[in-house]
Asks: 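Input: one structure, supplied below.
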Amino acid sequence: MEDIDSFLFKFKGYYFCRPGLDIGFLETLNDFEIREDDVFIVTYPKSGTIWFQQILNLIYFDEHRKNTGNLETVLRVPYFEYPNENTDFVKRPSPRLFTTHLPYYLVPSGLKNKKAKIIYVYRNPKDVMCSYFHFSKKMPLPATSTIEEFMKLFLEGKVLGSLWFDHIKGWHEHKSLFNIEFMMYEEFKKDLRGSMLKVCKFLGKELSDEDMDVVVSQAMFENMKLDPRANYDNILKDQFGIQEKGHFLRKGTVGDWKNYMTVEQNERFDKIFQKNMKDFPLKFIWDMNEE
Ligand SMILES: Nc1ncnc2c1ncn2[C@@H]1O[C@H](COP(=O)(O)OS(=O)(=O)O)[C@@H](OP(=O)(O)O)[C@H]1O
């Protein structure tokens, strides 16, 4: 264990967010009892986590879809590694839905019976890094003032979530241990409805065409940004004392990294990416105009 600063905490080789951390719970993660119908969204930070919280809420809960319930998405799809008094996981009715940023080696061993479902959402790491850089100005995970400074920490894995390369490669290399489906952020941007059908198929959920229309519409960036149950404005304000609005839903685009990285930074990033991701089979979309 390593107490890095007031925001980061290293446990078993992985950086957690210190506020809200229950180290006693972390010690018991391996033995946490998994149910066969549990569903986990797994992400590296800034890869579409709260988007998928919204998507699962829309798929599973009529009242969320119909806008008659006002529970925040995080209450129905809570962060697994940051439980709080509102989220007694053992008492939750099935199917339980969870969000996690955990690396493959820290999740409960019960997930390895291949029954519970895992959706791993990934995004091109340059957009992840830029999204993270902007967010870190509000919430120091860690704090930096320039993209150069942040890029250094990101590429060394000294951020919440540790090294992006390790996270995605770890999960992918061990995918045969789990019932896991890899889904790409950029595919959802390109074809939200088609991607939503894939999610439903994996989850064994069938929605009517009308319900699917609503799900697709409410999961769109512009609509989600206005949805106080899903946009995290309240959570940032209440839990972290951050006053400004709309931090999590900043731009929601593909290729925004081009607005922040210099040619030299981009080339340096590419070299490190190629070295680390040689032979990695999943493809990435860096720009919306790519096929
Ligand atoms: N509906 C929808 N459509 C497209 N993009 C969306 C959507 N919802 C969230 N986002 C974008 O996801 C980025 C935040 O990532 P995370 O939710 O993983 O952040 S966190 O790990 O929970 O802190 C952040 O990306 P950036 O805008 O690039 O910063 C959000 O805007």
Side-chain angles (χ1 to χ4, degrees), residues 7-8 14-17 19-20 40-59 64 72-74 77-82 98-103 119-142 147 150 154 159-162 164 167-168 183-193 195-196 199 214-236 239-240 242 244-261 285-288:
F7 270 88
L8 286 182
Y14 178 80
Y15 283 119
F16 288 86
C17 175
F40 281 73
I41 304 167
V42 179
T43 55
Y44 184 86
K46 313 323 285 181
S47 303
T49 321
I50 75 161
W51 194 5
F52 273 72
Q53 284 178 324
Q54 168 77 330
I55 288 170
L56 289 198
N57 269 267
L58 291 166
I59 291 175
H64 194 80
E72 288 177 353
T73 55
V74 70
V77 193
Y79 281 89
F80 178 63
E81 61 271 39
Y82 302 104
F98 295 107
T99 307
T100 184
H101 292 319
L102 285 173
I119 297 177
Y120 187 98
V121 185
Y122 65 102
R123 182 182 191 187
N124 87 62
K126 292 179 194 170
D127 278 333
V128 168
M129 184 181 78
C130 287
S131 175
Y132 215 158
F133 167 61
H134 285 95
F135 187 65
S136 76
K137 288 197 235 163
K138 311 284 184 239
M139 197 162 159
L141 297 163
I147 189 97
F150 192 81
F154 182 80
V159 292
L160 164 66
S162 294
W164 180 87
H167 199 274
I168 188 164
M183 300 200 178
M184 196 207 277
Y185 175 100
E186 292 80 3
E187 288 287 357
F188 279 73
K189 287 297 295 183
K190 284 192 163 191
D191 176 12
L192 189 50
R193 194 183 184 92
S195 302
M196 214 63 95
V199 177
V214 178
V215 170
V216 169
S217 163
Q218 293 197 30
M220 283 167 68
F221 184 83
E222 299 71 23
N223 295 336
M224 193 176 141
K225 191 167 176 147
L226 300 175
D227 187 343
R229 305 169 306 170
N231 64 15
Y232 266 54
D233 286 356
N234 293 337
I235 293 170
L236 287 182
Q239 289 185 15
F240 299 103
I242 297 172
E244 299 99 313
K245 292 203 162 186
H247 304 123
F248 274 77
L249 280 97
R250 189 184 60 93
K251 279 195 184 170
T253 55
V254 180
D256 191 39
W257 58 270
K258 291 182 185 165
N259 297 317
Y260 297 97
M261 293 171 76
I285 292 182
W286 306 92
D287 184 300
M288 220 34 190

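Remember, it's 1-based here, ligands and their atoms both numbered in the order they're listed. Keep in mind the model is a prediction, meaning the values are calculated, not measured.
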Asks: Report the C-alpha separation of Phe188 and Phe52 in whole Å, then their side-chain angles, then the decisive distance to 0.1 Å, and conclude whether the ring-ring contact (aromatic ring centres under 6.0 Å, His included) test is met.
Replies: CA-CA 10 Å; Phe188 279 73; Phe52 273 72; 4.8 Å; yes

Asks: Answer side chain, backbone, both or neither: which part of Ser131 comes under 4.0 Å from ligand 1, heavy atoms only.
Replies: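 Answer for Ser131: both.
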
Asks: Heavy-atom pairs closer than 4.0 Å: do any link ligand 1 to the side chain of His101, the backbone, both, or neither?
Replies: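 Within the 4.0 Å criterion, His101 contacts ligand 1 through side-chain atoms alone.
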
Asks: Using distance alone, determine whether Ile50 and ligand 1 share an N or O pair under 3.5 Å.
Replies: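 Yes, since at least one N or O of Ile50 sits under 3.5 Å from an N or O of ligand 1.
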
Asks: Before you tell me yes or no, could you show the steps for Ile119 and Val42 under side-chain contact (heavy atoms from CB on, under 4.5 Å), namely the whole-Å CA-CA distance, both residues' side-chain angles and the distance that decides it to 0.1 Å?
Replies: CA-CA 6 Å; Ile119 297 177; Val42 179; over 6 Å; no

Asks: I'd like to check which ligand 1 atoms, numbered from 1 as shown, lie under 4.0 Å from a non-hydrogen atom of Pro45.
Replies: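 Ligand 1 atoms under the 4.0 Å threshold to Pro45: 21 (O).
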
Asks: Does an N or O anywhere in Tyr44 fall below 3.5 Å from an N or O of ligand 1?
Replies: no

Asks: Check ligand 1 against Thr49 and write out every atom of the ligand that is under 4.0 Å from a heavy-atom position of the residue.
Replies: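 Those of ligand 1 that fall under 4.0 Å from Thr49 are 16 (P), 17 (O), 18 (O), 20 (S), 21 (O), 22 (O).
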
Asks: Just to be sure I read this right, does ligand 1 sit under 4.0 Å from the backbone of Phe52, its side chain, both, or neither, counting only heavy atoms?
Replies: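 For Phe52, there is no contact with ligand 1 at all, from either part.
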
Asks: Any donor and acceptor pair, going by atom type alone, linking the side chain of Lys189 with main-chain N or O of Gly252 inside 3.5 Å?
Replies: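 Checking the backbone N and O of Gly252 against the side chain of Lys189, a donor-acceptor pair under 3.5 Å is found.
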
Asks: Taking 4.0 Å as the limit for heavy-atom contacts, which would you say applies to Cys130 with ligand 1: side chain only, backbone only, both, or neither?
Replies: neither

Asks: For ligand 1, indicate whether the residue Met129 contacts it via side chain, backbone, both or neither (heavy-atom separation under 4.0 Å).
Replies: neither

Asks: Should Lys225 be listed as contacting ligand 1, given a heavy-atom distance under 4.0 Å as the test?
Replies: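 Under 4.0 Å: no for Lys225.
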
Asks: If you measure every N/O of Trp51 against every N/O of ligand 1, is any gap under 3.5 Å?
Replies: yes

Asks: Given the side-chain rings of Phe154 and Phe133, with only the six-membered ring counted for Trp, is the space between their centroids under 6.0 Å?
Replies: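 Between Phe133 and Phe154, which both carry aromatic rings, the centre distance is not below 6.0 Å.
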
Asks: Name all residues meeting the ring-ring contact (aromatic ring centres under 6.0 Å, His included) criterion together with Tyr122; count only those two or more places apart in sequence or in a different chain, and write none if there are none.
Replies: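 With sequence neighbours excluded, Tyr122 shows a ring-ring contact (aromatic ring centres under 6.0 Å, His included) to Phe284, given in chain and number order.
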
Asks: Taking distance alone, with N or O pairs closer than 3.5 Å, would you say Met224 contacts ligand 1?
Replies: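 Not met; the criterion fails.
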
Asks: Strictly below 4.0 Å, N to O, side chains only: are Asp256 and Arg250 in salt-bridge contact?
Replies: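 Result for this pair is yes, salt bridge flagged.
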
Asks: Working to the nearest 0.5 angstrom, can you tell me the gap between Thr73 OG1 and Leu58 CG?
Replies: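 Nearest 0.5 Å value for the OG1-CG distance: 9.0 Å.
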
Asks: Quick one: does Asn223's side chain have a donor or acceptor within less than 3.5 Å of a partner on Ser217's backbone?
Replies: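 Confirmed, Asn223 side chain pairs with Ser217 backbone.
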
Asks: Heavy-atom contact check, 4.0 Å cutoff: does Tyr79 meet ligand 1?
Replies: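 Judged by the 4.0 Å heavy-atom criterion, Tyr79 does count as contacting ligand 1.
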
Asks: Is Leu249 in contact with ligand 1, taking contact as a heavy-atom separation below 4.0 Å?
Replies: yes

Asks: Can you list the atoms of ligand 1 that are under 4.0 Å from a heavy atom of Ala219?
Replies: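 With Ala219 as reference, the close atoms of ligand 1 come out as 1 (N).
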
Asks: Which value, rounded to the nearest 0.5 Å, describes the distance between Met183 atom CE and Met196 atom CE?
Replies: 10.5 Å

Asks: Under 3.5 Å between some N or O of ligand 1 and some N or O of Met220?
Replies: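 Checking ligand 1 against Met220, no N or O pair falls under 3.5 Å apart.
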
Asks: Examine Arg250 against ligand 1 and note whether any of their N/O atoms are separated by less than 3.5 Å.
Replies: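 Checking ligand 1 against Arg250, an N or O pair does fall under 3.5 Å apart.
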
Asks: To check you understand the geometry: which heavy-atom pair defines the closest contact between Asn57 and His64, and what is its length?
Replies: CB-CD2, 3.5 Å

Asks: Given His101, which partner from the list Tyr79, Tyr44, Phe80, Tyr15 fulfils the ring pair (Phe, Tyr, Trp, His ring centres under 6.0 Å) test?
Replies: Tyr79

Asks: What part of Tyr185, side chain from CB on, backbone N/CA/C/O, both or neither, has a heavy atom under 4.0 Å from ligand 1?
Replies: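 Within the 4.0 Å criterion, Tyr185 contacts ligand 1 through side-chain atoms alone.
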
Asks: Geometry only, no angles: is Lys251 polar-contacting ligand 1 at N/O separations under 3.5 Å?
Replies: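 Yes; the residue has a nitrogen or oxygen that sits under 3.5 Å from a nitrogen or oxygen of the ligand.
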
Asks: Would you say the ring centroid of Tyr185 lies under 6.0 angstrom from that of Trp51?
Replies: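 Yes, the ring of Tyr185 comes within the 6.0 Å limit of the ring of Trp51, centre to centre.
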
Asks: Going by distance only, is there an N or O of Phe135 that falls short of 3.5 Å from an N or O of ligand 1?
Replies: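 By distance alone, the answer is no.
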
Asks: Using side-chain heavy atoms (C-beta onward) and a distance below 4.5 Å, is Asn231 in contact with Gln54?
Replies: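 Asn231 vs Gln54: side chains apart.
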
Asks: By number and element, which atoms of ligand 1 are closer than 4.0 Å to a non-hydrogen atom of Gly48?
Replies: 15 (O), 16 (P), 17 (O), 18 (O)

Asks: At under 4.0 Å between heavy atoms, is it the side chain or the backbone of Lys46 that contacts ligand 1, or both, or neither?
Replies: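 The answer is both, backbone and side chain.
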
